[in-house]
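First up is the structure itself, then whatever we jot down about it.
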Amino acid sequence: MDSTASASLASLWDEVTGTQPDPDLWVVLATLAAALAVVAPHGPWRLSRNAITIAHEGGHGLVALLTGRTLTGIRLHSDTSGLTVSRGKPTGIGMILTAAAGYTAPPLLGLGGAALLGAGRITLLLWLATVLLVAMLVMIRNAYGALTVLLTGGTFVLVSWLAGPQVQAAFAYAVVWFLLLGGVRPAFELQAKRARGGAGDSDADQLSRLTHVPAGLWFFLFHAVSLCSLLGGGRWLLGL
């Protein structure tokens, strides 16, 4: 029995860490078109933006932990806004990195995902995403947020365990395209909202107070990260 269990674990480990064949180019292009269809139009974006908020708030939370802060909770709201609360020194590099992680997290996750897919690590990508979502679920502090993360994580679990290789590949590529494309839009939306006199306490404004660097330069950083991630990740996904 022990040898059978060990063999099963070894087989599972090999499957997760091994490589899978790249999908056909038409699948890559079809998933790109699908991601554009849920990011570009206003209607689908209002719903799909919840997934970007998960990545945004997860970025705040992960960097807070990595910089030694105490993460106390994450809330996700139905209007696609979110809030991540951590305890620690209110100034300094830890707080700055935590504040900067939100708008940069979705495109950087997309870039990392594109690197994995470019290396043929489709299964590994799906499992890593599932682990991150489960870890985030522990820190969710409201019902809507828990439901959103459960549905998202459940989708990854179902695809990872029940879908065939071609479906897994298409799903993984669609998710990464979505992160890359969806990571571009929020900073532009926030900048437009601030121009109309709203969002006075945005991440860029908090960073400006922490660093005495104008908010406009933080927006430049957000745009640079998202656009460079899209270009770099897109090249990996297209095999260029």
Cluster question for you: counting only ILVMFWY and a side-chain heavy-atom cut-off of under 4.5 Å, with indirect links fine, are [X] and [Y] together?
X: Leu210; Y: Leu217; value: yes
X: Leu29; Y: Val167; value: no
X: Leu181; Y: Leu238; value: yes
X: Leu150; Y: Ile74; value: yes
X: Leu25; Y: Tyr173; value: yes

Between [X] and [Y], does any side-chain donor sit less than 3.5 Å from a side-chain acceptor?
X: Arg87; Y: Thr70; answer: no
X: Ser202; Y: Asp205; answer: yes
X: Asp203; Y: His60; answer: yes

Considering non-hydrogen atoms only, spot the tightest contact between [X] and [Y] and give its length.
X: Pro90; Y: Met95; result: O-CG, 3.5 Å
X: Thr123; Y: Gln20; result: N-OE1, 3.1 Å
X: Pro106; Y: His56; result: CG-N, 4.0 Å
X: Leu71; Y: Val85; result: CD1-O, 3.5 Å
X: Arg185; Y: Ala40; result: NH1-O, 3.0 Å
X: Pro186; Y: Ile52; result: CG-CG2, 3.9 Å

Nearest 0.5 angstrom please: [X] [atom1] to [Y] [atom2], how far?
X: Ser226; Y: Leu111; atom1: OG; atom2: CG; answer: 11.5 Å
X: Ser78; Y: Leu147; atom1: OG; atom2: CG; answer: 11.0 Å
X: Gln206; Y: Thr211; atom1: CD; atom2: OG1; answer: 11.5 Å
X: Leu137; Y: Leu132; atom1: CG; atom2: CG; answer: 12.5 Å
X: Leu158; Y: Leu126; atom1: CG; atom2: CG; answer: 12.0 Å
X: Leu62; Y: Met139; atom1: CG; atom2: CE; answer: 12.0 Å

Under the 3.5 angstrom rule, does the side chain of [X] hit a backbone N or O of [Y] as a donor-acceptor pair?
X: Asp79; Y: Ser81; answer: yes
X: Gln168; Y: Ile122; answer: no
X: Arg69; Y: Gly94; answer: no
X: Arg75; Y: Arg141; answer: yes
X: Ser208; Y: Val213; answer: yes

- Parallel, tilted or perpendicular: which describes the rings of Phe178 and Trp45, with under 30° parallel and over 60° perpendicular? tilted
- Query: Relative to the ring of Trp218, is the ring of Phe222 parallel (under 30°), tilted (30 to 60°) or perpendicular (over 60°)?
  - Reply: tilted
- Item | Residues Val176, Leu109; criterion side chain to side chain contact (heavy atoms under 4.5 Å, CB included); working and verdict | CA-CA 8 Å; Val176 172; Leu109 286 172; over 6 Å; no
Quick one: are [X] and [Y] in side-chain contact, heavy atoms under 4.5 Å?
X: Leu230; Y: Pro107; result: no
X: Trp177; Y: Leu36; result: no
X: Leu124; Y: Leu116; result: yes
X: His212; Y: Leu207; result: no
X: Leu179; Y: Leu108; result: no

- Where do Ile93 and Thr67 land on the side chain to side chain contact (heavy atoms under 4.5 Å, CB included) test, with the steps shown first? CA-CA 8 Å; Ile93 188 64; Thr67 55; over 6 Å; no
- Message: One pair to check against side chain to side chain contact (heavy atoms under 4.5 Å, CB included): Leu190 and Phe219. What are the steps and the verdict?
- Response: CA-CA 9 Å; Leu190 177 62; Phe219 276 110; 3.7 Å; yes
- Task: For Arg235, look at atom CZ and say whether over 12 heavy atoms of other residues, nucleotides or ligands are found less than 6.0 Å away.
- Result: no
- Message: Enumerate the salt bridge (Lys or Arg N to Asp or Glu O under 4.0 Å) contacts for residues 42-54, please, sequence neighbours excluded, ordered by first and then second residue.
- Response: Arg49-Glu189
- Stepwise, does the side chain to side chain contact (heavy atoms under 4.5 Å, CB included) test hold for Arg209 with Asp201? CA-CA 10 Å; Arg209 291 194 296 270; Asp201 196 33; 2.5 Å; yes
- Message: For residues 128-159, which residue pairs pass the ring pair (Phe, Tyr, Trp, His ring centres under 6.0 Å) check, not counting sequence neighbours?
- Response: Phe156-Phe171
- Task: Applying side-chain contact (heavy atoms from CB on, under 4.5 Å) between Leu237 and each of Leu32, Leu180, Asp22, report the one that passes.
- Result: Leu180
- Which of Ile140, Val149, Thr80 passes side-chain contact (heavy atoms from CB on, under 4.5 Å) with Ile54? It is Val149
